[in-house]
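Sequence lines set the chain letters: A, B, ... in the order given, protein chains first and strands last, and positions in each chain run from 1.
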Amino acid sequence: MLQQTRVAAVEERYEAFLRRFPTVRALAEAVVDDVLALWSGLGYYRRARNLHAAARAIMARHGGNVPGDAAELRELPGIGAYTAAAVASIAFGKLEALVDGNVARVLSRIFRLKGDPRAGKPAMRLKEVAERLVPRDGSAGEWNEALMELGAMVCLPRNPRCDQCPLAGDCGARREGRPEAYGGRAKSVKSVREVVMRIAIARGGRWLLRRNGAREKPAGMFEFPVVRGIPPGATLEEVAGVVERELGIALRDVRELGQVRHQILDRAITVRVVAARAVDSPSPSPKAGAREVHGKGRARGERFRWVRSSELGNLPVSAAALRVARLLTARPAP
DNA sequence: AAGACGGGGAT
DNA sequence: ATCCCAGTCTT
């Protein structure tokens, strides 16, 4: 969970995950949708799929015991150089150095290492430095945690708190007077704004959700259906017409509920949320043309599904869908 | 070596 | 609006 995700965000989620899957075996025996459901909203869902696959590999290859050796850990899906070293050193007391985003920044500054610390030669140099520094007295795990913590709490990307840093006297960047000049990424990402409309169709205490395909993002997660081709000034009648044509569901009580925003890597998305009820007859379910199935290799399930709000927590849903659901709960139908 | 991957919190 | 997070895998 911590891969590319802040500790604060993970803290709220991992206890529930461990309660649901307390052992490697429990995780290995779960179906992947149940694993993804506990990952809902966290993002990077490949991590959840990899963790699930890793649990199965640990059952198959290691008799259900997590290997303590970095090289063996590295063979598991989703475990790269950083995670292998972190688990081996922190959980198993092994002598392993590691470089995460925090350590990269700290060491780049202390030794005034130029270049993007996450890629290419600079990354290699950092790993060498980390390996030279890691203590050999059995405290590698503590050392690694301390270095990461220093980066997270003191040696901050933007405004480092050098006055509180125990290593300020040893820091080349500090001596140079410009600590922020080191440890930053090479290129920046431009954010593009985008507006989409999603519709929440209610029927008999359920909402209609649609599962993303393999090429849609986030892949395989449930969302409220997008309504495409709606210009900014369109009327609700026009919206209902598009939905009826695309999904084959007649609507009543159509109303614009409000907006939710969410930030995806390079896009700032504003979601206009339209709520409506399905007219029960004649066709309460998405018409055949809209009823796609999953691509090759997946179970052939329906793209669309009527879901009770109470069972939303048992399904893999995107963060956007969680926000929309929250809005629906806050502003229920009149 | 670059790009893809989701989302959020701090600034 | 930008940065970047206790990265990894694919192209």
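- Between Asn102(A) and Val192(A), the one whose closest nucleotide on DNA chain C sits nearer the 5' end is Val192(A).
- OP1 or OP2 of dG7(C) has at least one side-chain nitrogen or oxygen of Gln4(A) nearer than 4.0 Å.
- For the pair Leu312(A)/Phe222(A), no side-chain contact is recorded, criterion being any heavy-atom separation below 4.5 Å from C-beta on.
- Across all strands, Ala119(A) comes closer than 4.0 Å to no nucleic acid atom at all (heavy-atom distances).
- Within 4.0 Å (heavy atoms only), Ala8(A) reaches no atom of the nucleic acid at all.
- Looking at heavy-atom distances under 4.0 Å, Leu42(A) makes contact with a base.
- Note on Asn144(A): nothing from the nucleic acid sits closer than 4.0 angstrom, heavy atoms only.
- Using P as the reference atom, dT8(C) and dG8(B) are 22 Å apart when rounded to the nearest Å.
- Within the 4.0 angstrom heavy-atom criterion, only backbone atoms of the sugar-phosphate kind lie near Arg193(A); the bases stay farther away.
- No contact: Arg267(A) has no heavy atom under 4.0 Å from any strand.
- At a cut-off of 3.5 angstrom, counting only N and O atoms as typed in the model, there is no donor on one side facing an acceptor on the other between the side-chain of Arg47(A) and the base of dC5(B).
- Distance from the side chain of Ile264(A) is smallest for dG7(B) among the nucleotides dA6(C), dT2(C), dG7(B).
- Listed pair Thr83(A) / dT8(C) meets the phosphate criterion, a side-chain N or O lying under 4.0 Å from OP1 or OP2.
- Within the model, atoms OH of Tyr45(A) and CG of Asn50(A) stand 15.0 Å from one another, a figure rounded to the nearest 0.5 Å.
- Side-chain atoms of Glu223(A) and Ser318(A) form a donor-acceptor pair, as typed in the model, at a separation below 3.5 Å.
- At least one donor-acceptor pair under 3.5 Å links the side chain of Arg13(A) to the backbone N or O of Leu38(A).
- Between Tyr45(A) and the phosphate of dG7(B), there is a side-chain N or O to OP1/OP2 separation shorter than 4.0 Å.
- Straight-line distance from the NZ atom of Lys127(A) to the P atom of dG7(C): 14 Å, rounded to whole Å.
- In this structure, the nucleotide among dC9(C), dC5(C), dG7(B) sitting nearest to the side chain of Arg6(A) is dC5(C).
- Which of dG6(B), dC5(C), dT8(C) sits closest to the side chain of Lys217(A) comes down to dG6(B).
- Heavy atoms of Gly41(A) sit under 4.0 angstrom from primed sugar atoms or phosphate atoms, though from no base atom.
- dT11(B) sits 13 Å from dA6(C) when the P atoms are compared, rounded to a whole Å.
- For Tyr14(A), the OH atom counts as loosely surrounded, since its 6.0 Å shell holds 12 or fewer non-hydrogen atoms of other residues, nucleotides or ligands.
- Among dG6(B), dT8(C), dG7(B), the nucleotide with an atom closest to any side-chain atom of Arg46(A) is dT8(C).
- Contact between the side-chain N/O atoms of Gln263(A) and the OP1/OP2 oxygens of dG7(B) is not found at any separation under 4.0 Å.
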